[in-house]
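These values consider heavy atoms only, across backbone and side chains, with no hydrogens, waters or symmetry-generated copies. These numbers were taken from a predicted model, which means no experiment stands behind them.
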Amino acid sequence: QPEGYLAEAGDCDDGDTTVNPGAEEVCDGVDNDCDGGVDPAYSDWYLDTDGDGYGELGVATSACAQPDGYVANDADCDDADSAVNPGAAEDCNAIDDDCDGQIDGDYRVPEDYADVAEAAAAAPDGAIVCIAPGDYDVSGAIEVTTDISIVGYDGSETTRLIGDSTDRILTGNGVTLELRGLVIALGSSTSNGGCLRFWDSDVTLQDVYVGFCETTNSTGGGMYATTTDFAAYDSFIVTNTAGDGNSGGGGGFAVSEGNVTLANVSVYNNDVSGSYVCDSAAFAVVGDSSRYTLEMTNVLVSYNTCTSDSA
């Protein structure tokens with residue numbers, strides 16, 4: 001064998017050590033592995049304008065390597081909004097957030113279910129009960145038994161859950177519940193919690209108005225919660241009453257041994273009345289102080305009154 005010679009031919013570019021039958025074909029316009037073909041197979045790549053990892057159907061280019069700003073799928077249904085894609089969670093906003101062809105999920109009122117109580121009873125853990133604008137008669141308590149969100153998609157100015165002043169509006173036991181974009185009003189109970197009653201739960205209010213609720217002979221005019229973490233944001237708790245008997249206070253609401261967070265909340269024009277006690281006209285957070293916290297940011301507490309005969 002002469003120096004510089006081999007017994008086997010086959011190199012298609014003997015001036016480039018990276019080109020030979022043992023090399024890997026790469027996307028560079030060169031036959032790297034000397035098989036007679038230039039570059040790996042071309043694939044379709046789809047424009048991803050919003051950068052969410054999902055491409056736009058019909059906007060594609062063919063290339064042997066992924067171009068900048070392109071992805072291998074065309075699954076995005078709105079490539080101008082990075083929050084909308086098949087990996088997103090469906091919300092109640094009149095948008096198909098997860099690109100499954102269904103707007104606002106499967107538990108819509110009134111499109112899928114005639115009333116809120118029926119939708120809440122059918123919704124599994126993680127579901128959203130999405131309510132169109134309007135006034136809804138919710139006489140007889142909505143019973144929540146799963147971890148869900150109940151949302152008025154156009155906000156509290158247009159979506160109202162209205163009782164008949166003879167029963168609570170909503171109860172939940174052992175659940176994680178979000179209430180958003182709702183008016184909840186005109187509930188009544190002879191025991192704790194005029195409109196809302198919770199046990200052992202985690203409850204969040206966002207853009208919710210709780211008003212004109214009453215508990216007679218008990219505590220928590222708008223809401224009463226036991227061993228429940230309660231948070232309210234951008235909400236109003238207004239014109240509720242606890243009393244006409246052995247009231248324990250909390251004209252607006254009361255929480256027993258649970259963490260309470262209030263931010264951008266107004267609690268006003270609530271009342272405690274009756275002959276037993278005059279206490280906590282706005283709200284009450286009670287129990288063993290080692291088992292609860294109270295955090296307030298930008299909270300208005302005003303014009304709450306107590307009209308107990310004996311106080």
Side-chain angles (χ1 to χ4, degrees), residues 1-108 111-112 123-130 146-149 151 153-155 176 178 180-181 202 204 206-207 231 233-234 261 263 297:
Q1 179 179 349
E3 186 176 350
Y5 286 76
L6 296 173
E8 182 180 358
D11 200 333
C12 54
D13 185 352
D14 205 34
D16 188 341
T17 59
T18 65
V19 176
N20 59 72
E24 179 183 358
E25 190 66 32
V26 296
C27 186
D28 59 358
V30 175
D31 180 12
N32 307 93
D33 59 3
C34 298
D35 66 351
V38 175
D39 293 340
Y42 275 54
S43 300
D44 288 334
W45 302 92
Y46 299 90
L47 183 64
D48 181 16
T49 302
D50 58 14
D52 61 2
Y54 297 89
E56 182 177 356
L57 177 65
V59 184
T61 187
S62 184
C64 58
Q66 182 175 1
D68 289 342
Y70 286 75
V71 294
N73 69 81
D74 60 355
D76 207 333
C77 56
D78 185 351
D79 204 36
D81 188 344
S82 62
V84 175
N85 60 66
E90 189 66 28
D91 201 355
C92 179
N93 52 12
I95 296 173
D96 180 13
D97 301 277
D98 60 3
C99 297
D100 67 350
Q102 177 72 41
I103 293 176
D104 294 339
D106 300 318
Y107 302 93
R108 300 171 299 173
E111 293 90 341
D112 301 314
D125 286 345
I128 296 177
V129 174
C130 187
T146 52
D147 298 341
I148 61 174
S149 297
V151 181
Y153 77 70
D154 206 27
T176 297
E178 178 195 22
R180 174 161 40 103
D202 190 334
T204 301
Q206 176 77 51
D207 180 29
Y233 306 98
D234 306 311
T261 302
T297 304

side-chain contact (heavy atoms from CB on, under 4.5 Å) between Val71 and Gln66, worked out: CA-CA 7 Å; Val71 294; Gln66 182 175 1; 4.2 Å; yes
Atom pair CG/CG of Asn73 and Asp44 - distance to nearest 0.5 Å: 12.0 Å
Check: Asp28 and Asp39 side chains under 4.5 Å, non-hydrogen atoms: yes
Gap between atom CG of Asp11 and atom CG of Asp16 - 0.5 Å precision: 8.5 Å
Approximate separation, where rounding is to 0.5 Å, of Asp106 CG and Asp100 CG: 7.5 Å
Smallest separation among heavy atoms of Gln206 and Asp234, with atom names: NE2-OD2, 2.7 Å
Whether Asp104 side chain and Ala94 backbone form a donor-acceptor pair below 3.5 Å: yes
Asp48 side, atom CG; Asp52 side, atom CG - distance, nearest 0.5 Å: 5.0 Å
Spacing of Arg108 atom CZ and Gln102 atom CD [to the nearest 0.5 Å]: 4.5 Å
Asp207 side chain to Tyr233 backbone, donor-acceptor under 3.5 Å: no
Ala88 to Ala83 - nearest heavy-atom pair and separation: CB-O, 3.3 Å
Contact summary for Trp45 and Ala63, nearest pair of heavy atoms: NE1-O, 3.1 Å
Donor-acceptor pair, side chain of Asp76 and main chain of Leu47, under 3.5 angstrom: no
Donor-acceptor under 3.5 Å (Glu90 side chain, Asp98 main chain): yes
For the student: nearest non-hydrogen atoms of Val19 and Cys34, plus distance: CG1-SG, 3.8 Å
Heavy-atom closest pair, residues Asp50 and Val84: OD2-O, 4.5 Å
Approximate separation, where rounding is to 0.5 Å, of Cys92 SG and Tyr107 OH: 14.5 Å
Thr146 side-chain N/O to Ala123 backbone N/O, donor-acceptor pair under 3.5 Å: yes
Steps toward side-chain contact (heavy atoms from CB on, under 4.5 Å) verdict (Val59, Leu57): CA-CA 6 Å; Val59 184; Leu57 177 65; over 6 Å; no
Side-chain donor/acceptor of Asp125 to backbone N/O of Asp147, under 3.5 Å: yes
Shortest non-hydrogen separation from Tyr54 to Asp79 and the atoms involved: O-OD1, 3.3 Å
Donor-acceptor contact below 3.5 Å, side chain Asp74 vs main chain Tyr46: no
Polar side-chain atom of Glu25 near backbone of Pro40 as donor-acceptor pair, under 3.5 Å: no
Check: Asp97 side chain, Asp91 main-chain N or O, donor-acceptor pair, under 3.5 Å: yes
